[in-house]
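Working notes, beginning with the structure itself.
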Amino acid sequence: MAQFHPSSEAPMSASILVVEDEPGIQELLKFNLSHHGHDVTVASDAEEALVRIRDSVPDLILLDWMLPGASGVELARKVRADPRLKEVPIIMLTARGDERDKVLGLETGADDYITKPFSPRELMARIKAVLRRRAPQMTEDMVEIAGLRLDPLAHRVHGKHAGGDRPLELGPTEFRLLHFLMTHAERVYSRSQLLDQVWGDHVFVEERTVDVHIRRLRSALEPTEHDRLIQTVRGTGYRLSCNLG
Ligand code: CA
């Protein structure tokens, strides 16, 4: 089966689902987000949004409060109640400026809240802040663990070992996988969680694909012995440990 994932990964490029019924705002959001390198999908109501989310889990949801049918708040509750989706960051969009509504939105599980009308600049800043907090693998911050250093901006990985610092050659999927594991160190992820987080897609990729890429990742890290950081947790999945043990 063919793999299905984006071919090139610009730093800070997130897949964003916009749930908004108003065509004008929908267009405006799509235009601005795409312009900033994000991969945008649009849904006009909660029902359509759920279909899209379950097809391919987005990195972030921009959710309008007032939707025809089920409201944005109801959708946010559904997302938070679903174990597979509960980690997806949500930013609520609303025309209301009421403090009480803001509190309700945040209680529902939204990560942030933005009141219409908003400037594209403010929106981009909020998105970046939420991703940095909730999905550090989406940001361009350098990560270093046990002498293994990953630079998302330069798309480079270096490993320290007895002979000094050396560059390590990783394929694009291995890079994304390592970036995710390094920004979520010490936590165990199942194959299906890794598919959602790293591939963003459950539908077109088989779970054993994860094993193939873990194997490739380990061999890419072997020259500096950082392959030892990647641990197999029997019956569960994989984890990146913070020390070479
Ligand atoms: Ca609306």
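For ligands, and for the atoms within them, numbers begin at 1 and follow the listed sequence. Keep in mind that the numbers below use all heavy atoms, side chains included, and drop hydrogens, waters and symmetry copies.
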Q. Are there any protein N/O/S atoms under 3.0 Å from the Ca ion (ligand 1), and if so, which?
A. D21 OD1, D64 OD2, M66 O

Q | Pairing residues for R166 by the side chain to side chain donor-acceptor pair (under 3.5 Å) criterion, not counting sequence neighbours | A | none

**Q.** side chain to side chain contact (heavy atoms under 4.5 Å, CB included) involving P167 - partner list, sequence neighbours excluded
**A.** H158

Q: For R218 and T232, test the side chains for any donor-to-acceptor distance below 3.5 angstrom and give the result as yes or no.
A: yes

Q. Do Y238 and D211 have a side chain donor and acceptor closer than 3.5 Å?
A. yes

**Q.** Under 4.5 Å side-chain linkage, directly or through intermediates, the cluster mates of V188
**A.** V233

Q.
Measuring from atom CD of E74 to atom CH2 of W65, what distance do you get when rounded to the nearest 0.5 angstrom?
A. 11.0 Å

